[in-house]
Amino acid sequence: MTQFLSAADLRHAIELKAAHPDATLIAGGTDVMVGLNFGHRQESRLIDISRVAELREWSRDGDTVRLGAGVPYTRIVEELGGELPGLARAARTIGSAQIRNRATVGGNLGTASPAGDALPPLLAARASVEVASSRGTRAVPAREFFTGPGRSVLETDEIVTSVRLPVAAGPQQFAKLGPRNAMVIAVASVALTLDPEHRRVGCSAGSAAPTPVAAAEAEEFAAAELDWTGGELPAPVLARFGGLVAGATSPIDDLRGSAGYRRHAVAVLARRTLTWAWQELWRS
Amino acid sequence: MTMTQPLTADGVGASARRPDADAKVRGDFAYSSDLWHDAMAWGATVRSPHPHARVVSVDASAALALPGVHAGLTAADVPGVNRYGLEKRDQPVLAEDVVRYVGEPVAVVAADTPELARRAAGLVEVAYEPLPALTDPERALESPALHEGGNLVRHLRIRRGALARADVVVTGEYEVGMQDQAFLGPESCLAVPAEEGVELYCSTQWLHIDQDQLAGCLALPKEHVRLTLSGVGGAFGGREDLSVQAHACLLALRLGRPVKMSYGREESFAGHVHRHPARMRYEHGATRDGRLLYVKADILLDGGAYASTSAAVTGNAACFATGPYEVPAVEIDCRSVYTNNPPAGAMRGFGAVQVCFGHESQMDKLAAALGMDPVELRLRNAVSTGSTMATGQRVEGPAPVAELLRRVADRPLPPPAADDPRLLPGGTSNSTRADRLVRGVGYGLSVKNICKSAGYDDYGTARVRLFAHEGEAVAEVHTAAAEVGQGLVTVQAQIARTELEVARVTILPADTEVGDAGTSSASRQTWMSGGAVRAACLAVRARLLERAAALLGEPAGALTIGGGAVTSSARSITLAELLAEGDVDETAVFRHRFTEALDPETGQGDAHVAYAFAAHRAVVDVDPELGSVRVVEIACAQDVGRAINPVAVEGQMHGGIAQGLGLAVMEEIRLRDGRILNPSFTDYLIPTTMDMPPTVLDILELPRPDSPYGLTGVGEPPLLSAPAAIAAAIRDAVGPAAAAALDRIPMTPEAVATAVLDA
Ligand SMILES: Cc1cc2nc3c(=O)[nH]c(=O)nc-3n(C[C@H](O)[C@H](O)[C@H](O)COP(=O)(O)OP(=O)(O)OC[C@H]3O[C@@H](n4cnc5c(N)ncnc54)[C@H](O)[C@@H]3O)c2cc1C
């Protein structure tokens, strides 16, 4: 039998997690319940955090958005398309309407799947993940949050409370490839951000390594090579950029796609997202 | 075309509404997984983790030690013959000394709750000694025999005419992956011990063949195994073989307590047969002006671990290997073999789907070699009434193949892709833009037999009782025919309304208390059980007229039935009055015409009752760099003889197209060493609303001379050539160089992108 504990507020959630570090948090439940139904996980204890109001809010503080870990994707799509277009685009690709109504970024971080679609936008935007426990709070750069498939720096008594992201300083793109036109796990995905004022590029790939990966070399290359005064995007720059992003990945062959195809797809999606973002930048 | 007006409201030809429509839409409909008995225990199955192994021992003591666990049964507990099977009883209810596929049932347990039953199943200790697994069908014939008599299930040869020298020859090798029926209601049933024997409530396609097999396994006389159909959540061939039925009956009889069994999705993948994976080698020879001279085909079907319906599927794949074309000479070899892969068996299209991908791929290749339009090439060779098929059988009845193709080809093409992401490959995943796409158009033509073939004595039985209730005549129809979602219950009532001209018709639940209806497959049930209902109604009519004749003192021939009364030139008497002296109750058996077995040497013979034809045109947008595909539109034209219920016919066409689209671009059970790698809807992908395109349907009604109301079965044709047409459209989009490598369905994005990259 599974014990079900319902947290009334954030303090209560933190207390429960401290008292039961082996318990599993359940937010939208769209990963937890699948695991339970398949018998892949046998939880002795669930801590429901879906009623914790603090986690279900987002706020804007100057150039930063603080996004509660429990804000469902539907609200991200509907409310944050202006501030966080990259994450909102990614949220739109997740599951079906029913899933988006329940599922949360906190859950995506908790599951820490390399295929988590909300994750590349966090890496590309250089977001930081805020974590709380009875011992206090800390902020972890999204790029340092993951340690392997299904693994992160989260300690057993910790809860993700929110994610801090800079308000988009320019165009943001997210593109995902899957073998079906909806409701599909990514074979590869790419998130890209442009910050023309600071001449910065953010780029991250999903489903192509044990964790979502930032393509640091590609980011620096593009930042240096792009003509930030409004020039064309030269084909060799695009090609090299795609190659560098693909080079940042380390995919494996699995049921959903071969390593070669994933790497190819990452390169294609990197070129496309950069092209579309660049077009958007100079259209406006 | 004849479109007779229905005589009675909601009679034959009307789009009468399904009686279960509202309940299904609201989610109130009770499927077999909803069956309940307050006293019931739950069964669970212990399955082999090995593709091939000797079973050394089975020990259920740890499971039985759990409080609330009541039984753990093995092969030794099967009271009758521990074998079942549709063609050959070669499959054990519970494995004896050997297991032959991953997922083969070895033991069953029963406990108070489903969770406990599953836990108990996990505690049953089975010692295996793994044996070498045969998982490559190409190696089956040279490998050690998995069954007595060797690994060949069936080899059908068809030989006709002499292979002439051809101006143009094209060859090709094609492959079709293993498709799952993916019915949404997994296997489930409830077995209730009775004073004598057992009562079983289950979802199946054919109650009487289940009963027959169960009686043998349980060592009970058939009449002590009584089956009632419960709510069936789709079938598509996957419910022809037994799954939970025998296990639940064994447990219920052992415990003297009702037992329910219900699979989850993952177990369901192991619980039923799948579509045969096929490897096909073709050679087509034609004249320079595009007349087929000969077709050579060599087809290998992976039958998996047990025979199921492999022999009949082999027959179909061979008979339809050349498609709906006139071919003077054929040399066809079709083999099905045993392997240690999951058993393959019936699935909508039954062998004709696989070869359709083969022959249609060849027709496109031939058209390209001839520099001819693929539609024109098909028109030039299409069969028509009076043509001879590969088996030497003359096509009787309507065969409007050319007309069907012209109809889909003449449709205006949909507008080019626009930048609405929902309509692009990848949907809202934002992976492409309209300017990165290439469009393609492809065609498919198909033929398949309707009803059972090759000498099988097939029939349907119906009982119709007419009685008076509150001054009104009511007809009660009773058959054992399985309503699997296709709308048979609606059609049976429509027929009774039309024949008896009564407004009120009750359809009794299907059970084995009435005679055999045959299977709800082979697109046969409206023809066969519909025919039986009609025959029973006609018998009831005749009896009514006799009664009226006696009462009115006029010859029966001078009387007519209508408007709730029997009328002569002078007088009239209501049906209710006529029925006052007693109900009229008639049972009729309906048979189709006789067919013959194929000659074992030449494969010649009049083996089929009837042929049905369909044509598809697919329009697709392909993102060649990523390989992703969006099917933009499917046009389908089909001759149905007579649309007994036009909306139901459209439903069959929509569903068939969706299932064909799935096979074309995404649906495949992936195996490694005989193990299913993707037994879930996370990784076994079926089309969503974002994948299913608008359809353009064209229903022809050319009545057959030899069927009730002139109808032709409609269930399978709309699937048959959908995959072939979609595959052809993808090839058309990517161009000839890449197309050459696209010889396998499903054509996944990775396969398409790789073909484009390598071209
Ligand atoms: C049909 C279907 C389709 C899907 N499609 C997609 C898709 O397209 N893309 C995609 O990325 N995912 C998809 N998913 C997976 C899932 O919806 C996402 O991972 C989602 O973000 C999980 O959020 P949740 O709130 O439901 O998490 P839950 O299931 O509640 O939790 C997931 C994990 O995170 C932990 N957790 C939850 N909240 C916190 C927190 N605040 N702090 C720390 N740990 C926490 C839980 O303990 C658990 O381990 C799909 C799932 C389903 C069932």
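The sequence lines fix the lettering, A, B, ..., with proteins before strands; numbering per chain opens at 1.
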Among [options], single out the residue with the greatest number of heavy-atom pairs under 4.5 Å to chain A.
| options | value |
| --- | --- |
| B/Thr689, B/Ile686, B/Val665 | B/Ile686 |
| B/Arg118, B/Arg670, B/Met666 | B/Arg670 |
| B/Ser680, B/Ser628, B/Pro749 | B/Pro749 |
| B/Asp691, B/Leu757, B/Thr748 | B/Asp691 |
| B/Glu266, B/Arg265, B/Arg436 | B/Arg436 |
| B/Glu625, B/Glu115, B/Arg433, B/Arg672 | B/Arg433 |

Check: Considering only heavy atoms, which portion of B/Thr432 lies under 4.5 Å from any heavy atom of chain A: side chain, backbone, both, or neither?
Finding: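 Contact with chain A: backbone and side chain both.
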Next item on the list: Using non-hydrogen atoms and a 4.5 Å limit, figure out which bit of B/Asn678 sits close to chain A: side chain, backbone, both or neither.
Entry: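 For B/Asn678, heavy atoms of backbone and side chain both lie under 4.5 Å from chain A.
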Notebook entry, point to check: Side chains of A/Thr193 and A/Gln172: is there a donor and an acceptor less than 3.5 Å apart?
Noted result: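 A/Gln172 and A/Thr193 do not have a side-chain donor-acceptor pair below 3.5 Å.
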Note to self: For a quick check under 3.5 Å, do B/Asn341 and B/Thr135 share a side-chain donor-acceptor pair by atom type?
What the structure shows: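 On atom types as modelled, these side chains do not qualify, holding no pair under 3.5 Å.
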Inspect the contact between [Y] and [X] and indicate whether a charged nitrogen and a carboxylate oxygen are less than 4.0 angstrom apart.
| X | Y | answer |
| --- | --- | --- |
| B/Asp623 | A/Arg272 | yes |
| A/Asp254 | A/Arg262 | yes |
| B/Arg275 | B/Glu668 | no |

Working to the nearest 0.5 Å, report the span between [atom1] of [X] and [atom2] of [Y].
| X | Y | atom1 | atom2 | value |
| --- | --- | --- | --- | --- |
| A/Ile26 | A/Leu5 | CD1 | CG | 12.0 Å |
| B/Arg630 | B/Arg422 | CZ | CZ | 9.5 Å |
| B/Leu677 | B/Tyr684 | CG | OH | 14.0 Å |

Could you look at [X] and say if it's the side chain, the backbone, both or neither that has a heavy atom under 4.5 Å from chain B?
| X | result |
| --- | --- |
| A/Leu255 | both |
| A/Ser189 | neither |
| A/Val184 | side chain |

In terms of heavy-atom pairs under 4.5 Å, which option from [options] contacts chain B the most?
| options | answer |
| --- | --- |
| A/Arg180, A/Arg256, A/Gln173, A/His264 | A/Arg180 |
| A/Ser258, A/Ala182, A/Gly257 | A/Ser258 |
| A/Asn37, A/Val190, A/Val268 | A/Val268 |

Next item on the list: Evaluate side chain to side chain contact (heavy atoms under 4.5 Å, CB included) for B/Thr682 paired with A/Ile185, printing each intermediate quantity in order.
Entry: CA-CA 8 Å; B/Thr682 305; A/Ile185 297 175; 3.2 Å; yes
